[in-house]
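Notes follow the structure.
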There are 2 protein chains.
Amino acid sequence: MGEAAAALDEWTERQKDVLDAVLDLLVTGGDAVTTAAIARKANCSKETLYKWFGDRDGLLAATVRWQASRVRAGNFDAQHLDASQLRESLEAFAINWLTVISSRTSIALNRVGISHAGSGKSSLGRMVLANGRFAIGERLKPLLEAGRANGLLAFDDTEATFRTFFGLVGRDVQIRLLLGDRLETTEAEIARDAARATQQFFALYGAPQTQKPLQGRI
Amino acid sequence: MGEAAAALDEWTERQKDVLDAVLDLLVTGGDAVTTAAIARKANCSKETLYKWFGDRDGLLAATVRWQASRVRAGNFDAQHLDASQLRESLEAFAINWLTVISSRTSIALNRVGISHAGSGKSSLGRMVLANGRFAIGERLKPLLEAGRANGLLAFDDTEATFRTFFGLVGRDVQIRLLLGDRLETTEAEIARDAARATQQFFALYGAPQTQKPLQGRI
DNA sequence: TCCGAACCGTACCGTACGGTACAGAATTCG
DNA sequence: CGAATTCTGTACCGTACGGTACGGTTCGGA
């Protein structure tokens, strides 16, 4: 939230163009993402790159933040939920999440973060994690808790419940894509998987069908 | 199966020592896994490395195969299953899988495969995938189908069912570890998670408690 | 119109690393 | 024992790449 706003005006338009160039290079995995290639693609000098972003890692970190600041989908309003609204919201979350992790951008950034995490300096990995797995968690948890408050869901541990939802939605998709598996992720496929995951989630955590107390409405 | 046997006698003892050295270097992520470092650690010359394994990628590929050939756990016998045996077997699978993906070796090899997949040449990624995600799938599916044949499980698509089990067990563990998250994965924690995943899996795919026909017993 | 700041393009430097060459030790085999 | 083979250790080569230096250009402000 504050994070996203900060990232949005943290750089000038010209600098954002540079970050977009980095993203382009990352996504088209063909050629290596060298500082020279970045400067060429962005029509700027390497010296400017280093002046603005410090070093290559700083540039990559800025790119992660920049992409993250763009991705935030609007939060879902979780007041006066009924069962079908909750189901729709969960399904929308699942669709959104599957779409994100299937995107070439997400795959490329996760690969960069993982490579860095393997090289000791794990700050990029933590950043990807914060803007991926943990960001979606913080956005989904209020919805889960609203569902519980309205008697639609039954669970004790919000974190554990979210992790189960995460597993039901993601399954093996992310690791397969990261490892280069060709996995057709069409929109229709994603919608079907999101619906299945949501249904399974309700089977596990849906509250038993009791007459829910008409709280507040006289 | 044949793969494992092939890998076991594909190299001499001396060569296996070299591959173990590569694994050691990969696991202790501190220093880069250069050919010079490998030769130093294995007390052999770089020239021998190139003679035996072709080039650096061939050496890494051989290391993946070598590690995979060691990991295979004994298959589970899936005859005359009753419910508690099935549950135990599934839980054992889950424990085994969680233990593997939490190991420093698995994390390091997956990181290498992912990095390679990002650099165009995806053969290493596919190899890690074949010996990880797909190997566990091929080993688990017979158990699922035996459970169905014995009336303990109800599902149509074996692959889809396995993927759900995979998601319930793995959740966010692998991506978090790959991205450098410190995630305590004690034996007790793994056992608890495996039990929870198995229970959830039965809740989704357990056959309704009918009197199962006493097939074969008079 | 002039000045200075920011920036582009290119050239350059140092180092790290994959891969090769080679001399000498170890080992095998007749 | 001697010849041939295989291996080790080290030195070496070429290249790729992160980072720096610098001359030339654009552009905003006085």
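Numbered from 1 within each chain, the chains take letters A, B, ... in sequence-line order.
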Once the angle between the rings of [X] and [Y] is folded into 0 to 90°, is it parallel (under 30°), tilted (30 to 60°) or perpendicular (over 60°)?
X: B:Trp11; Y: B:Phe53; result: tilted
X: A:Phe201; Y: A:Phe165; result: perpendicular
X: B:Tyr205; Y: B:Phe155; result: perpendicular

In this structure, are over 12 heavy atoms from other groups packed under 6.0 Å from [X] atom [atom1]?
X: B:Arg104; atom1: CZ; result: no
X: A:Glu189; atom1: CD; result: yes
X: B:Glu187; atom1: CD; result: no

Q) If you look at every heavy atom in A:Trp66 and A:Ser69, which pair is closest and at what distance? A)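 Closest approach of A:Trp66 to A:Ser69: O-OG, 2.7 Å.
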
Q: Rounded off to whole Å, could you give me the CZ-to-P distance for the A:Arg14 and D:dG28 pair?
A: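 In whole Å, D:dG28 P and A:Arg14 CZ are 15 Å from each other.
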
List, one per line, each side-chain donor-acceptor pair under 3.5 Å for residues 23-37 of chain A, sequence neighbours excluded.
| from | atom 1 | to | atom 2 | distance (Å) |
| --- | --- | --- | --- | --- |
| A:Thr28 | OG1 | A:Asp24 | O | 2.8 |
| A:Thr34 | OG1 | A:Ala37 | N | 3.0 |

(Q) Strictly below 4.0 Å, N to O, side chains only: are B:Arg133 and A:Asp181 in salt-bridge contact? (A)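 No, this pair does not count.
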
Q. Judged by modelled atom types alone, do A:Glu145 and A:Thr158 share a side-chain donor-acceptor pair under 3.5 Å?
A.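 Note: A:Glu145 and A:Thr158 side chains meet the donor-acceptor criterion.
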
**Q.** Under 4.0 Å protein heavy-atom contact, by nucleotide of nucleotides 22-27 of chain D - B base, S sugar-phosphate only
**A.** B-----

Tell me, which of [range] have any heavy atom that sits under 4.0 Å from an atom in DNA chain D?
range: residues 49-64 of chain A; value: A:Tyr50, A:Asp55, A:Arg56
range: residues 108-125 of chain B; value: none
range: residues 33-42 of chain A; value: A:Thr34, A:Thr35

Q) Under the ring pair (Phe, Tyr, Trp, His ring centres under 6.0 Å) rule, what pairs show up with a residue in residues 99-124 of chain B, not counting sequence neighbours? A)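 Listed by first then second residue: nothing to list.
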
Q. In Å, rounded to the nearest 0.5 Å, how long is the span from CG of B:Leu177 to OG1 of B:Thr185?
A.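 Spacing of CG (B:Leu177) from OG1 (B:Thr185) equals 6.5 Å.
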
Q. Distance from B:Asp193 atom CG to A:Arg163 atom CZ, nearest 0.5 Å?
A.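 Spacing of CG (B:Asp193) from CZ (A:Arg163) equals 6.5 Å.
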
Q. Closer than 4.0 Å, any side-chain N/O of B:Thr48 to the OP1 or OP2 of D:dC7?
A.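 No, because none of the side-chain N or O atoms of B:Thr48 sits under 4.0 Å from OP1 or OP2 of D:dC7.
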
